[in-house]
Amino acid sequence: MIPVRAVEFFQGTLDSTEEIETARVFDTTLRDGEQSPGTSFSYDDKRQIASILDEMGTHVIEAGFPVNSDAEFEAVRDIASATNTTTCGLARVVDADIEAALDSGVEMVHVFVSTSDVQIEDSMHATRDQVVQNAVESVERVVDAGATCMFSPMDATRTDEAFLIDVIEAVTEAGTDWINIPDTCGVATPGRFQAMIEKVCAHTDARVDVHTHDDFGLATANAIAGIEAGADQAQVSVNSIGERAGNAAYEEFVMAVESLYQVDTGIDTTRITELSDIVEDKSGMETPGNKPVVGDNAFSHESGIHAAGVIENSDTFEPGVMTPEMVGAERKLVMGKHTGTHSVRERLHERGFDPTDEQVRAVTRRVKDYGAEKRRVTVSDLERFAEEADVERTQEKEEVRA
């Protein structure tokens, strides 16, 4: 069924919405997101972000890396006890890591080990046999403790395929609940990643999860491709923050699934903008204006043709299947070099002016000239231009009549 809050998909060249039946969201903002260079969430920051993610209906919150420090352990423990959703703790295939994660009280333990030869040899200084042995023993330890186990073959997209399948089959036999396939260095492409996930799904009975990075700007597309291939869940971070160029974006993934595929994730999308603003503030990472879904320009229009169309019907130059109201944002008509008369007239009426056609054209010329000098045209500027053009205010007319 089409989600109640979604807009019916437009008929056209891309009118199929049946590729995905369900999609779960695993948020790693507090773990991988915090690994963004220069970002450090305080205990209170983590609690606040986790609370919103929980209230929104996020399926899994990866709260952190419990063994990392006492402060990290306390934050993960308190998030696990305070939230209703599944909380996850990260652990290497090391006893101390796994014990710390289990002691923190998380419902899911996410164990990982490198499987690409370059990382096995030059980072871990180990062998393939040691990798498989450590992976199996770690999965068994988590399963025996009664926690949900997620296993990640780190750098899966640069791993020898035959060896990757060997590892997947070994941890599946050991009883892992989830297998996460990470594109650790962001080298996947949607078509190749889709084929890879299809092969992984054919070699395991565990549920499959994907974790994609944005080094080539393909993270969200790769995550969607993974879901289309049969994965149940994608790991994402708010505003796509994370190592290097970041992760698949929470807001992009959720809204693509909800709007383009018409699948109800169960997430309260109306709080996405609020969540994005808080993560931007706490992370210290400014959200670009052209960031999809949550950037300042996502629902803003300056071009005369676009603004005129949107004033008449917002579906003309917006996706239609995603509205600003769906993500808790507002549509904006921005004034500048490309502004047209329709937009200026609309804004003047909003400010209580009653311009003639000639006055609208005069004010529009002033707006264009001002904007051409790379200056921002504010509401105050617009009112000044209107007053200089002797545009009457509606309320002034009403006062005269009174």
Side-chain angles (χ1 to χ4, degrees), residues 21-34 41 46-68 72-92 97-112 138-139 141-152 171-172 174-182 204-212 223 226-227 231-238 242 247-248 250-251 253-254 257-258 263-269 271-272 275 279:
E21 293 183 1
T22 60
R24 289 168 51 93
V25 178
F26 178 115
D27 181 82
T28 187
T29 306
L30 302 179
R31 200 277 299 172
D32 200 336
E34 190 182 25
F41 293 127
K46 284 202 166 194
R47 289 294 302 274
Q48 182 181 7
I49 294 169
S51 177
I52 297 173
L53 288 168
D54 183 34
E55 292 168 3
M56 289 175 66
T58 308
H59 302 100
V60 181
I61 299 173
E62 190 168 43
F65 196 178
V67 80
N68 191 47
E72 182 85 345
F73 178 88
E74 290 176 8
V76 173
R77 180 194 62 195
D78 292 350
I79 289 171
S81 64
T83 54
N84 294 315
T85 192
T86 298
T87 305
C88 179
L90 186 69
R92 295 167 296 184
D97 286 29
I98 295 171
E99 287 305 308
L102 292 169
D103 289 345
S104 72
V106 295
E107 295 90 349
M108 176 186 287
V109 177
H110 179 189
V111 294
F112 71 97
S138 297
V139 168
R141 185 162 191 169
V142 174
V143 172
D144 290 344
T148 299
C149 182
M150 173 178 281
F151 173 78
S152 286
V171 296
T172 298
T176 190
D177 300 284
W178 287 88
I179 290 176
N180 170 54
I181 300 300
T204 184
D205 294 327
R207 303 182 77 178
V208 176
D209 176 268
V210 295
H211 178 110
T212 54
I227 299 295
D232 294 292
Q233 181 171 268
Q235 299 193 4
V236 295
S237 69
V238 180
N247 296 269
Y250 183 109
E251 60 281 357
F253 178 79
V254 170
V257 170
E258 290 263 349
V263 171
D264 187 356
T265 61
I267 289 174
D268 180 2
T269 65
R271 299 189 68 182
I272 281 179
L275 174 66
V279 170

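FYI, the numbering just counts along the sequence from 1.
Remark: Ser152 OG to Ile181 CD1 distance equals 7.5 Å, nearest 0.5 Å. Leu275 CG to Ile267 CD1: the interatomic distance, rounded to the nearest 0.5 Å, is 10.0 Å. For the atom pair Asp209 CG and Asp177 CG, the distance stands at 12.0 Å (nearest 0.5 Å). Of the inter-residue distances, the one linking Ile272 atom CD1 with Ile52 atom CD1 reads 12.5 Å to the nearest 0.5 angstrom. Residue Ile179 holds its CD1 atom at 11.5 Å from CG of Asp232, rounded to the nearest 0.5 Å. Atom CE of Met150 and atom CG of Leu90 lie 10.5 Å apart (nearest 0.5 Å).
Looking only at side-chain heavy atoms (C-beta outward), Ser237 and Asp32 stay at 4.5 Å or farther from each other. Within the 4.5 Å cutoff, side-chain heavy atoms of Val238 are placed close to those of Glu251. For the pair Val254/Val236, no side-chain contact is recorded, criterion being any heavy-atom separation below 4.5 Å from C-beta on. When side chains are defined from C-beta on, Asn180 does not count as touching Phe112, because their heavy atoms never get closer than 4.5 Å. Contact annotation: the side chain of Arg47 approaches that of Ile79 to within less than 4.5 Å [non-hydrogen atoms, C-beta and beyond]. Side-chain contact check for Ile98 versus Ser138: some heavy-atom pair is nearer than 4.5 Å. You'll find the side chain of Val279 stays beyond 4.5 Å of the side chain of Tyr250, heavy atoms only.
Gln235 and Asn247 are not linked by any side-chain donor-acceptor pair at a separation below 3.5 angstrom, with hydrogens and angles left out of the test. Judged by distance alone, the side chains of Glu258 and Thr265 do bring a donor and an acceptor atom under 3.5 Å apart.
What you find for Ala248 and Ala223 is that their closest heavy atoms are CB-CB, 4.2 Å. Across Phe73 and Ala100, no two heavy atoms sit closer than the pair CE1-O, 3.3 Å. Gly105 and Ala80 make their closest contact through O-CB, 3.8 Å (heavy atoms, listed as atom of the first residue, atom of the second, distance). Contact between Phe65 and Glu72 at its shortest, heavy atoms only, is N-OE2, 2.8 Å. Heavy atoms only, all atoms of each residue included: Ala23 and Val263 are closest at N-CG1, 4.3 Å. Heavy-atom minimum distance, Val76 versus Ser104: CG1-OG, 3.7 Å.
For Glu99, the salt bridge (charged side-chain N to carboxylate O under 4.0 Å, His left out) partners at least two apart in sequence or on another chain are Arg141.
Screening residues 49-67 for salt bridge (charged side-chain N to carboxylate O under 4.0 Å, His left out) gives Arg31-Glu62, Glu55-Arg271 as the qualifying pairs, with residues at least two apart or on separate chains.
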Task: Worked verdict on Ile227 versus Phe253 for side chain to side chain contact (heavy atoms under 4.5 Å, CB included) - done: CA-CA 10 Å; Ile227 299 295; Phe253 178 79; 3.8 Å; yes

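Panel note: side chain Thr176, backbone Trp178; a donor-acceptor pair is recorded below 3.5 Å. Put simply, the side chain of Thr85 gets close to the backbone of His59: a donor and an acceptor are under 3.5 Å apart. Between the side chain of Gln233 and the main chain of Phe26, no donor-acceptor pair closer than 3.5 Å is present. With Lys46 contributing its side chain and Leu30 its backbone, the two residues share a donor-acceptor pair below 3.5 Å. Checked by atom type and distance alone, the side chain of Thr87 never pairs as donor or acceptor with a backbone atom of Val106 at under 3.5 Å.
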